[in-house]
Amino acid sequence: MSVPFATIEHLADHVDETVTLRGWLYNKSSKGKLHFVQLRDGSGMVQCVLFKKNVPESLFDEVGTLGQESSLSLTGKVVADERAPGGFEIQVEDGQVLQVAEDYPITPKEHGADFLLSKRHLWLRSRRPWALLRIRDAVIFALREFFSERDFVCVDSPMFTPNACEGTSTLFEVDYFDRSVFLTQSGQLYAEASAMAHGKVYCFGPTFRAEKSKTRRHLTEFWMLEPEVAFADLRDICDLAEDMLCHVVKRVLERRRTELEVLERDISKLEAIQKPFPRITYDEAAQILLEDPGSEFKPGDDFGAPDETILSNRHDRPLMVTHYPSEVKSFYMKRDPEREDRCLCVDVLGSEGVGELIGGSQREDDLDLLLERIRKHDLPREAFEWFLDLRRYGTVPHSGFGLGLERCVGWIAGVEHVRECIPFPRTIYRVDP
RNA sequence: UCCCCGAUAGCUCAGCUGGUAGAGCAUCCGGCUGUUAACCGGAUUGUCGUAGGUUCGAGUCCUACUCGGGGAGCCA
């Protein structure tokens, strides 16, 4: 008689049945003639109980010597037991050890960030990274679902680009046959081209910044989702960002409860993420900061990270700040027709003081104005000719934004550092493993 | 590029005004039929980041360097 395989995630469907689980030994404690094995199989973790009198003696002895992360399969009856973490346990009858692992470096005790990152290929197996990357998966799925339901087409932008989108200091240069090209730092310009073909598009892929940033909010390689919508104005794009964030949070709450609990996330903070998000202008935000003794903000400046924290901490949901001074923003953003020194842009600051999650704008759709800005910013016009074509042939008002995936995951999961929100983080001083 | 902090056992750390190195965990041995980071008893564990300097004597003080962490700027 063959025993069916089961996954720990779906054990509730197999109560009082005998199943075989295949996985790794996460932790073990022995009490003489009794072993408790915490088995993980990728889908979850469950306690397996081996009584000496219930299993083959060789298996009992062998399990007694197993080190952390040894691979094995265990067969037994699934029973509900209040004493077991998770509510279920396996009363083991038989099993097989696949490999005896020795001296696994990551113990159940505390470790430092440097050590864990140097062992990232193994650290992925630990509870916290496991939960976090499953939340990341749910965020990605929910984002694609959201845009698909709204008839957006996913049209990805290239990774290799011939030139900078804004300046050249933050680009990684790559040998490309007999010339050099750069790794993209934004898919936006290409997304604008795609939007003129499909109306509503988004691109989603890795993005590279050679900035020497060393903060909890920065990676040199991160994932960015960038929708671009023809005929949309600033207000449309703000509405879109708001709906998108609400959808993603709702889905994570539905599908990743267990993982949020592993991270000890305060669920009520996520349940508060509902429409409408507060929207204020740069000038209103500036007024708040000028009255705050904790801020060093000066009128006309962009907001620093501490300023963003002050602003976002005033609300229990994301804050949208619009109409920044044109001077501190990019050349492609459209000016406010009512006030030339302000542009039609929005930054979305996550709640709980996490800072910028989204940056977006209505795009400049007038050829002459765009030419003038390219000149003013000293950008190489030849490189932008294809982009200018979009204004020559049927230009329309259009808008878009960029969402930093890892920042979004960190915000939802309540995790401070973005390096935990991507499987293998790349930072200025770390590209291994 | 700038500012701040750190580097001692496999891991996390302690080591006072300078006097030849310590704990917990991991590992190994023994005990235990309900553990939740199990517990109890025993054992093993070191180029104190590197190179100079001061000193009778440096883990400790000084200088430089290397590596890493946090932050600023910039951004998502």
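Lettering of chains follows the sequences in order, A, B, ..., and the numbering in each one begins at 1.
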Task: Tyr429(A) atom OH: more than 12 heavy-atom contacts under 6.0 Å - done: no

Open item on the list: Does Ser30(A) reach a base, just sugar-phosphate, or nothing at all? Heavy atoms under 4.0 Å.
Closed with: base

Task: rC16(B) and rU27(B), which share atom name C1', separated by this distance in whole Å - done: 33 Å

TODO: Please confirm whether the backbone N or O of Ala84(A) pairs with a side-chain atom of Gln47(A), one donor and one acceptor, at under 3.5 Å?
DONE: no

Task: Which nucleotide in rG34(B), rA37(B), rC32(B) has an atom nearest any side-chain atom of Asn27(A) - done: rA37(B)

Task: Rounded distance in Å between the P positions of rU20(B) and rU12(B) - done: 27 Å

- [ ] Using the C1' atom as the reference point in each nucleotide, state the distance between rG24(B) and rC40(B) in Å, no decimals.
- [x] 16 Å

TODO: Could you pick out which residue, Gly404(A) or Arg419(A), lies toward the 5' side of RNA chain B when each is mapped onto its nearest nucleotide?
DONE: Arg419(A)

What protein N or O atoms touch nucleotides 64-68 of chain B N or O atoms at under 3.5 angstrom, if any, and at what distances?
unit_1  : atom_1 : unit_2    : atom_2 : d
rG68(B) : OP1    : Tyr429(A) : O      : 2.7

Open item on the list: Please check if the number of heavy atoms outside Arg22(A) that lie under 6.0 Å from its CZ is greater than 12.
Closed with: no

Task: Aromatic ring proximity, centroids under 6.0 angstrom, Phe182(A) and Phe160(A) - done: no

Task: C1'-based separation of rG69(B) from rC32(B) [nearest Å] - done: 43 Å

- [ ] Under 4.0 Å between any heavy atoms, over every strand shown, what does Ile358(A) touch: base, sugar-phosphate, or nothing? Just pick one.
- [x] sugar-phosphate

Task: Candidate nucleotides rG73(B), rC75(B), rU27(B), ranked by approach to the side chain of Glu211(A) - the nearest - done: rG73(B)

Task: Pro105(A) side chain reached by Phe115(A) side chain, heavy atoms, under 4.5 Å - done: yes

- [ ] Return the nearest nucleotide to the side chain of Thr107(A); candidates are rG70(B), rA26(B), rU33(B).
- [x] rA26(B)

Task: rA51(B) and rC67(B), which share atom name C1', separated by this distance in whole Å - done: 15 Å

Open item on the list: Please report the distance, rounded to the nearest Å, between CZ in Phe303(A) and C1' in rA72(B).
Closed with: 18 Å

TODO: Tell me what His218(A) touches on the nucleic acid: a base, only sugar-phosphate, or nothing, going by heavy atoms under 4.0 Å.
DONE: base

- [ ] Measure from CD1 on Ile428(A) to P on rG73(B) and round the result to the nearest Å.
- [x] 16 Å

Task: Atom-to-atom span, CD of Gln185(A) to P of rA76(B) - whole angstrom - done: 9 Å

Open item on the list: Is any side-chain heavy atom of Glu228(A) closer than 4.5 Å to one of Tyr202(A)?
Closed with: no

- [ ] Rounded to whole angstrom, note down the C1' distance from rA58(B) over to rU8(B).
- [x] 14 Å

- [ ] Step through it carefully: locate the ring centre of Trp123(A), locate the ring centre of Phe424(A), and say whether they are under 6.0 Å apart.
- [x] no

Task: CZ/Phe141(A): more than 12 non-hydrogen atoms of other groups inside 6.0 Å - done: no

Open item on the list: With a 3.5 Å cut-off and heavy atoms only, can you find an N or O donor on one side and an acceptor on the other between the side chain of Ser213(A) and the base of rG73(B)?
Closed with: yes

Task: Contact under 4.0 Å: Arg217(A) side-chain N or O vs rA72(B) OP1/OP2 - done: yes

Open item on the list: Categorize Glu89(A) for me: base, sugar-phosphate, or nothing, with a 4.0 angstrom heavy-atom threshold over every strand shown.
Closed with: base

- [ ] Quote, to the nearest angstrom, the P distance that separates rG53(B) from rU60(B).
- [x] 14 Å

- [ ] Could you pull out all residues at least two apart from Asp239(A) that satisfy salt bridge (charged side-chain N to carboxylate O under 4.0 Å, His left out)?
- [x] Arg279(A)

Task: All side chain to side chain contact (heavy atoms under 4.5 Å, CB included) counterparts of Gln274(A), not counting sequence neighbours - done: Arg317(A)

Open item on the list: Would you say the ring centers of Tyr282(A) and Phe303(A) fall short of 6.0 Å from each other?
Closed with: yes

TODO: Step through the shown structure and confirm whether more than 12 heavy atoms of other residues, nucleotides or ligands are within 6.0 Å of CD on Glu57(A).
DONE: no

- [ ] Mind calculating the distance between CD (Glu406(A)) and P (rC75(B)) to the nearest angstrom?
- [x] 19 Å

Open item on the list: Please list, in numerical order, the residues of residues 42-56 of chain A that have a heavy atom closer than 4.0 Å to any atom of RNA chain B.
Closed with: Gln47(A), Phe51(A), Lys53(A)

Open item on the list: Rounded to whole Å, how long is the line connecting atom CZ of Phe115(A) with atom P of rA9(B)?
Closed with: 12 Å

Open item on the list: Let's test your reading of the model: under 3.5 Å, does the base of rG34(B) pair with the side chain of Glu82(A) as donor and acceptor?
Closed with: no

Open item on the list: Nearest whole Å is fine: how far is rU44(B) C1' from Asp103(A) CG?
Closed with: 13 Å

- [ ] Whole angstrom is fine here: how far is it from CG in Asp307(A) over to P in rC75(B)?
- [x] 14 Å

Task: Of Gly304(A) and Met224(A), the one whose closest RNA chain B nucleotide lies more 5' - done: Gly304(A)

- [ ] Ignoring backbone atoms, establish whether His111(A) has a side-chain N or O less than 4.0 Å from OP1 or OP2 of rA26(B).
- [x] no

TODO: Using the C1' atom as the reference point in each nucleotide, state the distance between rG49(B) and rA9(B) in Å, no decimals.
DONE: 15 Å

Task: Secondary-structure stems, RNA chain B, at least 3 Watson-Crick or G-U base pairs under 3.5 Å - done: B:1-7 with B:66-72, B:10-13 with B:22-25, B:27-31 with B:39-43, B:49-53 with B:61-65

Task: Residue pairs involving residues 124-147 of chain A (criterion salt bridge (charged side-chain N to carboxylate O under 4.0 Å, His left out); sequence neighbours excluded) - done: Glu9(A)-Arg134(A), Glu69(A)-Arg125(A), Arg128(A)-Glu420(A), Arg134(A)-Glu259(A), Arg136(A)-Glu406(A), Asp137(A)-Arg256(A), Glu145(A)-Arg251(A)

Task: From Val63(A), Leu74(A), Leu21(A), residue fulfilling side-chain contact (heavy atoms from CB on, under 4.5 Å) relative to Val92(A) - done: Leu74(A)

Open item on the list: In whole Å, I'd like the distance from the CG atom of Leu122(A) to the C1' atom of rG10(B).
Closed with: 14 Å

Task: Under 4.0 angstrom between Lys31(A) side-chain N/O and rU33(B) OP1 or OP2 - done: no

